[in-house]
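Throughout, protein chains are lettered first and strands after them, A, B, ... in sequence-line order, and every chain is numbered starting at 1. Treat the numbers as computed from the prediction; the structure is a model and nothing was measured.
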Amino acid sequence: MRKLKENILKSAVYLSAGFTVITLVVIVGYIFMQGISGINPTFLFSNYSASGDGGILPMIVTTIYTVLLSIAVATPIGILSAIYLQEYAKKGKLVTAIRFATESLAGIPSIIYGLFGGIFFVVTLGMKYSILSGSLTVAIIILPVIIRTTEEALKTVPQSYREASLALGSTKFQTLYKVILPSAIPGILSGIILSVGRVIGESAAILLTAGTVAQMPGTIFDSARTLTVHAYLLTKEKGDIQGAASIGVVLIILVLILNTIAKVVAKKLNKANY
Amino acid sequence: VGCGSGSSSNDGSKVTVSGSTSVGPAMESIAEKYQADNQGVTVEIQQVGSSAGIKNTIEGTSQIGMASRDLKDEEKNAGLKETEIALDGIALVTHKNNTVKDLTVDQIKGIYTGKITNWKDVGGKDAPIVVLSREDGSGTRDGFQEKVGFESEALTKEAQISDGSGNIKTTVEGNENAIGYISYGYVDDTVNMLKIGGVELTPENVKSNAYAIARPFILVNKEDSMTEQANKLIDFILSDEGQKIMEGKGFISIK
Amino acid sequence: MLAKSRVVNVSKRDNKNGNEGKYLAEKVAKNVFLISALIAVISLLLIIGFVFYKGLTPFLFKGYSFTEFLTGADWVPSADKFGISSMVAASILATIGALVIGVPVGILTAVFIAEVAPKRLAKIISPAVELLAGIPSVLYGVFGLAIIVPGIQNIFNLPKGQSLFAVIIVLAVMMLPTVISVSETAIRAVPQAYKEGSLALGASHIETIFKVVLPAAKSGILAAVVLGVGRALGETMAVILVAGNSPVMPSSLMDSVRPLTTNIALEMGYAFGTHQEMLFATGVVLFTFILILNIVLNKLSNKAVD
Amino acid sequence: MENNTKLNIENLDLFYGTKQALKNINMNIKEKKVTALIGPSGCGKSTFLRSLNRMNDLIENVTIKGKIEVDGEDIYNSSDVIKLRTKVGMVFQKPNPFPMSIYDNVAYGPRTHGIRDKKTLDKIVEESLKGAAIWDEVKDRLKSSALGLSGGQQQRICIARAIAMKPEVILMDEPTSALDPISTLKVEELIEELKDDYTIVIVTHNMQQAARVSDDTAFFLNGEVIEFRDTKTMFTNPEDKRTEDYITGRFG
Amino acid sequence: MENNTKLNIENLDLFYGTKQALKNINMNIKEKKVTALIGPSGCGKSTFLRSLNRMNDLIENVTIKGKIEVDGEDIYNSSDVIKLRTKVGMVFQKPNPFPMSIYDNVAYGPRTHGIRDKKTLDKIVEESLKGAAIWDEVKDRLKSSALGLSGGQQQRICIARAIAMKPEVILMDEPTSALDPISTLKVEELIEELKDDYTIVIVTHNMQQAARVSDDTAFFLNGEVIEFRDTKTMFTNPEDKRTEDYITGRFG
Ligand SMILES: Nc1ncnc2c1ncn2[C@@H]1O[C@H](COP(=O)(O)OP(=O)(O)OP(=O)(O)O)[C@@H](O)[C@H]1O
Ligand SMILES: Nc1ncnc2c1ncn2[C@@H]1O[C@H](COP(=O)(O)OP(=O)(O)OP(=O)(O)O)[C@@H](O)[C@H]1O
Ligand SMILES: [Mg+2]
Ligand SMILES: [Mg+2]
Ligand SMILES: O=P([O-])([O-])[O-]
């Protein structure tokens with residue numbers, strides 16, 4: 001009886017893990033099978049053409065712009081907020097409000113951010129469809145991610161470091177940037193990488209704020225099309241599954257590279273500590 | 001934040017166009033040629049849907065709107081100028097294996113209003129019909145319903161709604177029971193294109209009104225947001241060269 | 001950056017007046033941090049403000065009834081009919097369905113990675129799961145449209161595969177990475193002492209996991225479920241491709257459905273005037289759902305911590 | 001039955017990776033006696049204790065050589081760890097009640113061993129809590145969380161949890177080091193009582209405690225047993241100079 | 001300078017929320033002497049120690065009544081905590097070097113106080129490491145991480161870090177409890193040396209240690225000081241029965 005139950009539970013664990021792994025293999029495998037043949041230097045490095053034999057260079061450039069801009073906006077705000085919540089704030093109404101706000105922001109579907117950005121940045125602030133509107137919109141999307149991960153990273157810094165520094169007559173701020181932040185960097189970094197993944201994968205919100213212009217953007221005030229939006233439009237308008245899958249391959253490789261970088265950097269920084 | 005207006009970068013060398021996803025691809029080709037001919041000019045094309053394009057034009061976010069349907073009264077009242085730039089046949093597409101190759105407009109209406117639900121009733125094998133439609137508001141859908149002769153409310157509740165011609169095509173390609181409609185410009189050999197009342201969808205048949213389900217593509221604009229380049233762009237589309245490009249994309253010249 | 005303003009070269013012992021600068025820098029820093037934190041709050045308020053203003057306009061100024069909007073069965077914008085009851089049902093059913101599949105599979109996979117799998121295997125699976133999280137949702141949709149939809153059609157011998165069931169499967173798969181990685185963290189955080197306590201009583205490894213480890217990790221696991229629900233309720237681009245999007249009340253798993261998010265994304269590009277505002281109103285309903293969910297689960301997880 | 005050997009350890013070596021933590025340990029632990037393990041921090045006391053119920057199996061890279069017999073049966077040659085751990089219970093240094101009710105904590109062991117009957121469980125819980133001298137303090141709140149108790153109470157709950165399994169041997173790793181003096185006294189009194197029925201092995205940092213509660217004492221240093229004899233002789237007349245130094249407080 | 005009062009504590013009460021952790025403490029801590037605080041776990045030793053450099057300010061809901069004077073100045077009536085902590089250094093129970101090089105650890109304090117000059121820093125670091133009796137062991141690897149050192153070495157680095165600030169008082173909270181016997185001996189020797197220049201207050205669980213290193217001893221019980229006198233008298237001839245019980249090991 002005890003053995004039987006044990007075996008059932010064990011099987012459930014193995015089956016679930018198997019299911020996850022198979023799903024993963026099938027999805028990634030499918031995207032690669034469909035998409036790999038479409039990948040060649042022309043596809044990756046030449047300008048887009050309406051005739052169909054161009055490449056995705058403008059989308060790659062747009063994606064990079066969007067990632068850099070949104071990270072540049074969200075990271076400082078996110079990290080500073082997390083520091084406030086974790087290191088300065090005392091328990092109280094304000095902190096509860098901020099925590100609730102960030103948690104709610106994290107739970108809102110991106111289509112709602114899209115609606116918001118589409119009115120607020122695009123129309124009200126007059127930024128029109130532009131990389132800037134899109135980036136600011138996704139900056140709000142990733143803000144809670146960065147706040148959360150930074151908070152977690154700060155939490156893992158041993159209290160003993162803080163006490164040691166303060167006991168030497170350092171101020172809280174000195175303690176923060178000399179001892180706490182350096183120790184928390186690996187964690188913060190992984191939050192940023194996670195956010196980059198989120199920005200890269202976003203379509204609904206970007207579509208409604210950055211527009212869909214399939215051209216090499218000149219400035220951040222231009223409208224442009226990210227890789228993910230391009231993949232979406234290819235599927236939706238042309239039914240070009242293979243094209244979308246090719247972009248999928250590019251994106252998966254991009255995400256893979258980013259994850260690896262994050263791990264390596266985190267490890268390096270950790271090594272420096274131990 | 002708050003860098004006032006992005007349009008500050010618009011010194012007249014940029015023409016902003018937005019709207020219908022059916023017109024979009026042809027406009028991209030037009031823009032490519034136009035930019036090549038007029039160095040320093042950029043033509044920005046947003047494919048966001050007919051209504052959004054019209055709304056953008058009214059609000060001034062775009063100079064030119066692309067629509068694949070006629071304007072609504074609300075929209076007409078906003079003081080928009082319309083220019084017809086091409087005709088488009090709306091193709092009915094089915095799976096390659098489907099033996100039905102020809103339907104009358106009445107049969108199509110029957111299918112889309114849910115009165116005909118089995119392929120055997122229109123000469124095919126005994127199988128349920130899976131009806132595919134575009135979303136409410138789509139120019140293609142408006143044009144289709146108008147020509148076939150029914151209103152949105154009458155559309156069968158069973159209809160699958162796909163956003164975009166591509167999704168309709170992909171679905172039809174994978175489902176033997178499906179029928180859908182897409183813009184002529186998007187038809188390719190992954191699907192089977194039906195004759196309507198024995199008439200095939202060709203540019204000639206659209207021009208001669210022999211093919212029943214066709215609609216105009218129009219551009220809209222507000223006079224006060226037009227620049228010289230924007231006007232020149234519309235002229236270019238209407239020129240022989242412009243119309244040729246439209247034809248190359250599968251649309252039908254208005255000339 | 002701010003503390004650079006400190007008075008330089010104060011030697012110890014006799015720094016009678018040296019610390020005012022430091023206390024000032026301290027104050028300034030604190031306020032900068034506070035302002036940053038407020039930006040999150042302001043963003044939320046702005047979003048609520050805009051979406052609600054737009055979404056409530058038809059009900060406040062145009063004489064539409066919100067109750068009819070919620071309970072109405074028909075959605076035909078061109079005929080001025082805006083009822084979203086079928087979409088509310090679709091969203092709820094799809095979310096529950098995805099939870100029923102995704103949560104157990106996710107948690108058990110997390111158990112596998114954190115407790116059962118040999119270290120080497122865990123080291124391969126864990127990043128692979130992260131990769132799954134990094135794939136844009138559009139691609140899940142493409143995958144669903146090309147594999148899952150025809151699969152359902154063929155297996156169950158249906159006229160079409162777009163259905164509630166397809167939505168549930170796609171959502172379940174999409175929430176796996178979130179559920180797995182958050183639960184994994186929670187499981188790993190369970191003190192070794194609990195495990196040792198159980199093992200020392202002669203409980204087996206599996207018994208220990210299910211009787212002690214999982215209950216001890218329940219607040220973290222609940223958080224995983226919260227995030228998973230958020231993902232399921234909020235997902236758009238993948239769902240739009242596999243749902244069929246017919247705005248009708250589903251009566252079986254194989255019916256086409258149109259969840260709330262899909263309704264917004266599907267028609268946003270084509271909506272105008274009241275139609276557009278009604279899409280915002282759909283957003284308001286969705287938003288309210290998620291806020292309520294957030295509050296309820298927050299309360300629950302606070303309880304779980306106690 | 002007097003002075004029967006309950007646990008017999010022969011030539012035990014233990015390595016963490018390549019680092020040797022136990023060196024050639026030989027020891028006879030007698031039935032229904034209290035054996036204390038003392039020695040400076042890091043000398044291997046916990047490692048040794050955890051070898052006795054194979055808790056070290058949980059740690060990767062542990063290599064064990066030599067023999068440990070419980071009732072004459074080699075525990076590392078038998079595959080039934082569950083049976084071993086049922087027979088050899090353990091109380092940890094830090095009280096580690098499960099995050100459940102007091103009742104569920106004590107009933108945990110019997111339940112995993114298949115006892116479902118409410119009456120039987122009730123009886124076991126009551127007896128165990130009484131055995132651990134905590135029944136009176138908690139009998140009115142058996143359903144409340146064990147985490148709400150004081151450290152000393154938690155530790156006694158853990159002892160109750162261990163004796164609910166009716167083990168034959170109880171291993172205790174510094175069971176009072178996290179406790180206040182009053183709780184410590186209670187636990188010590190309890191050990192006195194328990195030794196009528198159980199064989200007890202206890203690790204302690206506290207010389208006085210070892211002197212008070214144990215019958216035999218082993219002094220560990222750097223992974224070796226320097227001296228192992230009856231407690232009285234050990235504390236009054238140690239053989240080894242290092243033992244003497246340690247007992248009289250020359251070390252930490 | 002003999003027997004001057006360095007710290008003067010009067011009627012000190014401390015509450016965590018509503019729970020009173022210190023009750024009416026009165027104590028005179030003499031300059032350039034070692035004062036040991038002993039007492040069972042949870043009696044308030046750490047709480048008291050942390051009051052002396054206002055480390056308790058970090059904890060929410062702490063209420064303090066009474067007076068603590070350092071060199072006659074009431075520390076809770078001055079707003080300059082930084083100055084206080086510069087004057088009153090602290091060494092913690094668990095060695096807690098920063099995750100930086102040995103050099104940066106020791107130079108941390110002087111640097112935060114504005115000393116930038118390389119030569120001056122070098123000198124301070126060398127002197128402090130010598131003062132903490134660890135210079136010879138680490139002089140060849142000042143640039144390597146402090147976390148790579150043994151526990152005992154880490155603790156001495158922390159002491160060096162504290163004395164680099166040239167404080168006048170050093171508070172030590174069980175500085176040897178995490179250390180092996182050899183490291184413990186080294187730290188104890190160090191304390192002997194340091195008391196020539198510093199006033200030292202040390203918490204210890206180890207009676208023998210208190211006896212060995214301190215001049216005065218305070219025995220805490222349940223938040224009160226039961227007895228406070230010179231160490232020798234305290235250990236040979238305690239006045240209070242409870243002190244005697246504790247010292248002779250009747251408690252844990
Ligand atoms: N999991 C492990 N991996 C590697 N080394 C270990 C491990 N656990 C313990 N050790 C090492 O083995 C030696 C003995 O450790 P053990 O915990 O048995 O000491 P102890 O006598 O119980 O000390 P304490 O009184 O501090 O609890 C120590 O040097 C310790 O660092
Ligand atoms: N942050 C806190 N909040 C509430 N109570 C606390 C806090 N810190 C300590 N206490 C309580 O105050 C009392 C004194 O604690 P303190 O840490 O001073 O004891 P201690 O004598 O140092 O003990 P130990 O020898 O175990 O370190 C204890 O009952 C403890 O539970
Ligand atoms: Mg130990
Ligand atoms: Mg303490
Ligand atoms: O994209 P549409 O042409 O159908 O409006």
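With a 4.5 Å cut-off on non-hydrogen atoms, C:Ile135 touches chain A through its side chain but not through its backbone. For chain A, the nearby part of C:Val173 is the side chain; its heavy atoms alone come within less than 4.5 Å. Interface remark: A:Leu115 contributes backbone and side-chain atoms alike to the contact with chain C (heavy atom separation under 4.5 Å). Residue contact with chain C, scored on non-hydrogen atoms closer than 4.5 Å, is absent for A:Ile79. With a 4.5 angstrom heavy-atom cutoff, A:Leu208 touches chain C only via side-chain atoms. There is no contact between A:Thr260 and chain C, counting heavy-atom distances below 4.5 Å. In this structure, the portion of C:Ile180 lying under 4.5 Å from any heavy atom of chain A is its side chain and not its backbone. In this structure, the portion of C:Leu176 lying under 4.5 Å from any heavy atom of chain A is its side chain and not its backbone. For C:Thr236, the part lying near chain A is the side chain, with the backbone staying farther off; criterion is any non-hydrogen pair under 4.5 Å. The part of C:Ile147 that comes within reach of chain A is its side chain, from C-beta onward, which places non-hydrogen atoms under 4.5 angstrom from that chain. With a 4.5 Å cut-off on non-hydrogen atoms, A:Ile31 touches chain C through its side chain but not through its backbone. If you measure heavy-atom distances from C:Ile290 to chain A, the contacts under 4.5 Å come from the side chain alone. Using a 4.5 Å cut-off between heavy atoms, A:Val26 touches chain C through backbone and side chain atoms alike. With a 4.5 angstrom heavy-atom cutoff, C:Phe143 touches chain A via backbone and side-chain atoms both. Proximity to chain C (any heavy atom under 4.5 Å) is restricted, for A:Val21, to the side chain, taken from C-beta onward. Both the backbone and the side chain of A:Ser203 come within contact range of chain C, with heavy atoms under 4.5 Å apart. With a 4.5 angstrom heavy-atom cutoff, A:Leu176 touches chain C only via side-chain atoms. With a 4.5 angstrom heavy-atom cutoff, A:Leu143 touches chain C only via side-chain atoms. At a 4.5 Å heavy-atom cutoff, the contact between A:Phe19 and chain C is made by side-chain atoms alone. The part of A:Tyr30 that comes within reach of chain C is its side chain, from C-beta onward, which places non-hydrogen atoms under 4.5 angstrom from that chain. With a 4.5 Å cut-off on non-hydrogen atoms, A:Ile140 touches chain C through its side chain but not through its backbone. Only the side chain of C:Leu241 comes within contact range of chain A, with heavy atoms under 4.5 Å apart.
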CA sep, side-chain torsions, deciding dist, call: C:Phe50, A:Thr124, side-chain contact (heavy atoms from CB on, under 4.5 Å): CA-CA 10 Å; C:Phe50 270 88; A:Thr124 309; 3.6 Å; yes

Pair A:Glu152-A:Arg148, salt bridge (Lys or Arg N to Asp or Glu O under 4.0 Å): steps then yes or no: CA-CA 6 Å; A:Glu152 291 306 317; A:Arg148 263 278 178 79; 5.4 Å; no

Pair A:Leu85-A:Arg99, side-chain contact (heavy atoms from CB on, under 4.5 Å): steps then yes or no: CA-CA 8 Å; A:Leu85 290 174; A:Arg99 281 247 158 73; 3.9 Å; yes

C:Thr57 vs C:Glu277, side-chain hydrogen bond (donor to acceptor under 3.5 Å, both in side chains): CA-CA, chis, key distance, verdict: CA-CA 7 Å; C:Thr57 300; C:Glu277 283 154 6; 4.9 Å; no

side-chain contact (heavy atoms from CB on, under 4.5 Å) evaluation trace for C:Lys54 with C:Gln276: CA-CA 9 Å; C:Lys54 267 282 199 178; C:Gln276 194 196 43; 3.3 Å; yes

Worked check of side-chain contact (heavy atoms from CB on, under 4.5 Å) between C:Val226 and C:Leu293: CA-CA 8 Å; C:Val226 175; C:Leu293 199 80; 5.6 Å; no

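Options C:Ile209, C:Ile47, C:Val41, C:Val284 differ in how many heavy-atom pairs under 4.5 Å they form with chain A, and the most are formed by C:Ile47. Ranking A:Ala245, A:Ala204, A:Gly197, A:Gly117 against chain C, the residue ahead of the rest is A:Ala204, based on heavy-atom pairs under 4.5 Å. The greatest number of non-hydrogen atom pairs below 4.5 Å with chain C, out of A:Thr102, A:Ile119, A:Val255, is found for A:Ile119. The most heavy-atom pairs under 4.5 Å with chain C, out of A:Phe120, A:Tyr232, A:Phe116, come from A:Phe116. Contact count versus chain C (heavy atoms, under 4.5 Å) is highest, among A:Thr228, A:Leu207, A:Ile27, A:Val95, for A:Ile27. Your options are C:Gly230, C:Ser36, C:Gly234, and the one with the most heavy-atom pairs under 4.5 Å with chain A is C:Ser36. Heavy-atom pairs under 4.5 Å with chain C peak, among A:Leu256, A:Val25, A:Val196, A:Leu258, at A:Leu256. Counting heavy-atom pairs closer than 4.5 Å to chain A, the top residue among C:Gly141, C:Ala128, C:Pro177 is C:Ala128. Put simply, of C:Leu291, C:Val142, C:Ile240, C:Leu131, the one with the most heavy-atom pairs under 4.5 Å next to chain A is C:Leu131.
By the 4.5 Å heavy-atom criterion applied to side chains, C:Ile148 and C:Val242 are not counted as neighbours. Residues C:Asn263 and C:Leu260 form no side-chain contact, since every pair of their non-hydrogen atoms from C-beta on lies 4.5 Å or further apart. Side-chain contact between A:Ser70 and A:Leu136 is absent, with no heavy-atom pair separated by less than 4.5 Å. Inter-residue side-chain proximity for A:Phe173 and C:Val28 is flagged as unmet; no heavy-atom pair is nearer than 4.5 Å.
Formation of a donor-acceptor pair under 3.5 Å by the C:Glu235 side chain with backbone atoms of C:Ala238 is found in this model. No donor-acceptor distance shorter than 3.5 angstrom exists from the side chain of C:Thr95 to the backbone of C:Val229, with no hydrogens or angles considered.
Environment of OH in C:Tyr23: crowded, with over 12 heavy atoms of neighbouring residues, nucleotides or ligands closer than 6.0 Å. Counted within 6.0 Å of NZ on C:Lys211, heavy atoms from surrounding residues, nucleotides or ligands total more than 12; the atom is thus considered enclosed.
Residues forming a side-chain contact (heavy atoms from CB on, under 4.5 Å) with C:Leu34 (at least two apart in sequence, or on another chain): A:Tyr84, A:Leu94, C:Asn31, C:Leu38.
At a threshold of 4.0 Å, the pair C:Lys30-A:Glu87 does not count as salt-bridged, since none of the basic side-chain nitrogens sits closer than that to a carboxylate oxygen.
In terms of heavy atoms, A:Ile112 sits closest to C:Gly283 at CD1-O, 3.4 Å.
Between the side chains of A:Ser165 and A:Thr175, at least one donor N or O lies within less than 3.5 Å of an accepting N or O.
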